[in-house]
Peer 1: 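Sharing a structure here in structure tokens format.
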Amino acid sequence: MSILEFEFFRNALAAGLLVSIACGILGTFVVVNRLVFIAGGIAHAAYGGVGLALYFGFSPVLGTFLMSILSSLFLGAITLNRKSRSDTVIGVFWAAGMAMGVILTDLAPGYNVDLMSFLFGSILSVSRTDLVLMAVMTTVIALVVAVLFRHLQIMSYDEDFAKIRGIRTDRIYLALLLMIGVSVVMTIRIVGLILVIALLTIPTYIAESLASTLKGMILYSSGLAVVFTVSGLVLSYRFNLTTGPTIIAIASLCFALFVGFSEIFRRYKTVRDCSTAEQE
Amino acid sequence: MTGESALKASGVYFSYGSQPVLTDVNMEIFAGDFLALIGPNGGGKTTLMKLFMGLLTPDRGEIRIFGKSPREALGRFSYVPQVKTNEYDFPVLVKEVVLMGRLSSSLFSSRYSKADLEKTDEMLSLFEIKDVANRKIGELSGGQRQRAFIARALAAEPDLLMLDEPSSGIDSEGQVKLYEILKKLNEKMTIVLISHDVGVIQKYIKSVACVNKRFFFHGDSSISPEMLEKVYHCPVALLTHGHDLRILKGHMDELEKNHEHSGI
């Protein structure tokens with residue numbers, strides 16, 4: 001328990017818990033609404049915000065925040081009309097944001113930011129201020145989802161029926177994307193923008209087969225995200241590895257084991273059902 | 001019951017991009033009617049239903065539900081969507097689905113009232129799905145799932161009920177049961193139904209219309225070979241058995257394929 005004596009480790013642990021809860025809540029809606037590609041687009045475009053911040057000399061966290069919000073609104077508006085080729089636009093946004101970030105960082109006077117910390121996260125450098133910000137963001141997300149829950153649920157399940165109930169699904173959709181944008185800002189800090197998608201989808205994928213309701217899915221995926229984050233943090237400290245990728249490695253391993261075992265179980269069940277049928 | 005205009009379309013045009021789907025649709029039905037929409041796949045039946053409900057906006061023309069625009073008439077009509085047999089296994093319980101019929105648009109009344117729960121309970125019992133109320137919707141049989149969707153639509157207490165191919169994925173015994181339910185419901189509400197079961201529905205409906213780019217309205221419920229020919233644009237084989245007319249299944253598929261090839 002000696003590592004808990006270090007403040008940086010306690011902060012990292014708290015940050016991991018907060019981000020896991022946010023990812024569990026929003027990952028559920030990302031998966032059931034098939035927004036994985038949009039979430040990835042927002043995360044990568046956010047790096048453009050880092051470039052802007054360095055070039056104009058303001059805080060990179062503010063930069064990623066502004067860029068995430070802008071790109072979630074923009075991609076939301078584009079995908080809302082379900083026009084064809086919206087996936088291409090997301091892809092362009094994804095790449096252009098990254099390119100802009102790198103070029104602006106090159107042009108920024110004197111200072112050279114650590115690109116790797118944005119790509120793969122920097123959970124060990126979370127400060128008290130960061131922690132307060134993350135707590136505020138997670139609380140806001142949890143509250144908004146609680147208030148909008150039934151509307152989010154009906155929109156995700158049957159958009160047409162939601163509309164004839166008079167629900168403004170376009171607004172609910174934009175609100176969801178905004179929240180995803182906010183959670184992406186936090187998640188970049190923990191696992192980096194390249195790995196954001198993994199933390200939003202892996203726990204949720206496993207949770208989906210365990211739960212029979214959206215609420216259950218949120219609880220299971222938050223719980224799984226906590227397990228992955230905490231165990232990744234501890235293992236990376238013990239073996240001196242980069243934390244973000246360690247968290248994702250554990251999640252991916254569990255994902256592979258889960259998929260493998262459920263496949264074996266499914267086949268075993270089929271074989272057993274067949275042989276009982278034969279006996280009859 | 002009669003007299004009030006339940007659903008009216010005047011000069012409605014709709015296209016997807018440059019592809020015209022519906023041309024100059026004019027129709028009107030009155031409260032208490034039971035209208036079946038038939039026609040080939042891709043003929044625009046589902047599109048027309050979505051236009052009725054305001055889910056799509058016509059390029060030209062106007063839709064009126066009980067004399068109001070679809071937006072103003074929200075709450076007076078309800079909808080049973082087409083069930084896809086390979087539907088994605090969404091994590092939602094049967095009772096949650098039925099409760100959706102009671103959901104209001106207000107953010108601050110997002111809790112269900114006692115009346116909402118009672119209505120849901122009543123619907124679950126009426127459609128004999130109370131025993132599976134706490135199961136995941138994906139675990140239900142085709143017939144049970146269809147009944148859950150009708151229960152959801154009726155939980156909203158509509159005056160006009162629209163159903164898009166409610167009998168798909170249900171065995172013939174289940175279909176008869178379904179149409180009996182609809183016939184009973186028709187005593188209290190107007191029904192518009194999209195169907196392929198030309199033969200079976202005749203006993204239950206009051207009027208029929210064919211949709212194939214254009215709208216061919218027929219006042220009564222009889223489906224004649226001439227009418228089918230006009231809509232499908234080629235001779236259709238009919239099996240006559242008493243009053244029961246049935247299109248030969250294989251033949252119909254073939255016809256639809258031919259239509260696709262010829263670009264209709």
Side-chain angles (χ1 to χ4, degrees), chain A residues 24-25 27-36 81-85 143-172 175-176 203-221 262 266, chain B residues 16-17 46 49-50 52-56 65 70-84 87-112 116 134-139 148-149 152-153 155-156 158 160-162 164:
Chain A
I25 296 172
T28 298
F29 292 104
V30 166
V31 168
V32 298
N33 284 294
R34 297 159 203 252
L35 299 174
V36 178
N81 299 318
R82 299 279 145 71
K83 291 269 190 288
S84 52
R85 305 277 174 260
L143 283 176
V144 174
V145 168
V147 171
L148 292 181
F149 185 77
R150 294 186 202 284
H151 291 150
L152 282 164
Q153 181 191 42
I154 194 171
M155 178 195 73
S156 310
Y157 184 59
D158 190 340
E159 200 184 339
D160 282 348
F161 195 78
K163 282 182 181 159
I164 69 154
R165 292 303 306 147
I167 288 150
R168 296 293 304 267
T169 50
D170 45 354
R171 293 185 191 170
I172 305 283
L176 174 60
T204 315
Y205 181 88
I206 301 173
E208 192 174 20
S209 16
L210 302 173
S212 46
T213 62
L214 269 186
K215 271 184 198 152
M217 214 168 137
I218 287 173
L219 290 177
Y220 276 118
S221 52
S262 31
R266 197 182 59 83
Chain B
Y16 284 115
T46 300
M49 193 167 266
K50 289 191 171 177
F52 287 159
M53 291 184 289
L55 294 174
L56 296 170
I65 297 179
R71 172 158 288 282
E72 290 163 341
L74 282 175
R76 290 203 69 184
F77 62 91
S78 198
Y79 172 51
V80 179
Q82 206 170 338
V83 175
K84 294 154 206 111
E87 198 192 333
Y88 166 68
D89 197 4
F90 196 91
V92 64
L93 303 179
V94 175
K95 67 173 179 197
E96 289 181 303
V97 171
V98 179
L99 266 170
M100 285 178 189
R102 302 296 298 180
L103 189 60
S104 86
S105 58
S106 160
L107 289 184
F108 300 100
S109 63
S110 60
R111 287 205 156 272
Y112 292 117
D116 294 337
N134 285 312
R135 297 258 292 273
K136 225 166 135 175
I137 189 86
E139 293 170 7
F149 284 128
R152 176 180 73 168
L160 168 64
L161 177 66
M162 297 194 227
D164 192 350

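Not measured: the values here are computed from a predicted model. Chain naming here is simple, since letters A, B, ... match the order of the sequence lines and numbering starts at 1 in each.
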Peer 1: Can you spot which of A:Leu219, A:Val145, A:Val144 makes a side chain to side chain contact (heavy atoms under 4.5 Å, CB included) with A:Ile25?
Peer 2: A:Val145

Peer 1: What part of B:Arg102 lies closer than 4.5 angstrom to a heavy atom of chain A: side chain, backbone, both or neither?
Peer 2: backbone

Peer 1: Which answer fits A:Ser156, side chain, backbone, both or neither, if we ask what part of it has an atom under 4.5 Å from a heavy atom of chain B?
Peer 2: both

Peer 1: Parallel, tilted or perpendicular, judged at 30° and 60°: which one describes the rings of B:Phe149 and A:Tyr157?
Peer 2: parallel

Peer 1: Go through B:Leu93, B:Leu99, B:Asn134 and name the one with the most non-hydrogen pairs under 4.5 angstrom from chain A.
Peer 2: B:Leu93

Peer 1: Report the distance from atom OG of B:Ser105 to atom CZ of A:Arg165, rounding to the nearest 0.5 Å.
Peer 2: 8.5 Å

Peer 1: Which residue out of B:Gly101, B:Ala156, B:Pro81 racks up the most heavy-atom pairs below 4.5 Å with chain A?
Peer 2: B:Gly101

Peer 1: Hey, which of A:Arg168, A:Gln153, A:Lys215 has the most heavy atom pairs under 4.5 Å with chain B?
Peer 2: A:Gln153

Peer 1: Check whether B:Val80 gets within reach of chain A through its side chain, its backbone, both or neither, counting any heavy atom under 4.5 Å.
Peer 2: neither

Peer 1: Are any of the side-chain heavy atoms of A:Thr213 and B:Val92 separated by less than 4.5 Å?
Peer 2: no

Peer 1: Does B:Lys50 pair with B:Asp164 as a salt bridge, N-O distance under 4.0 Å?
Peer 2: no

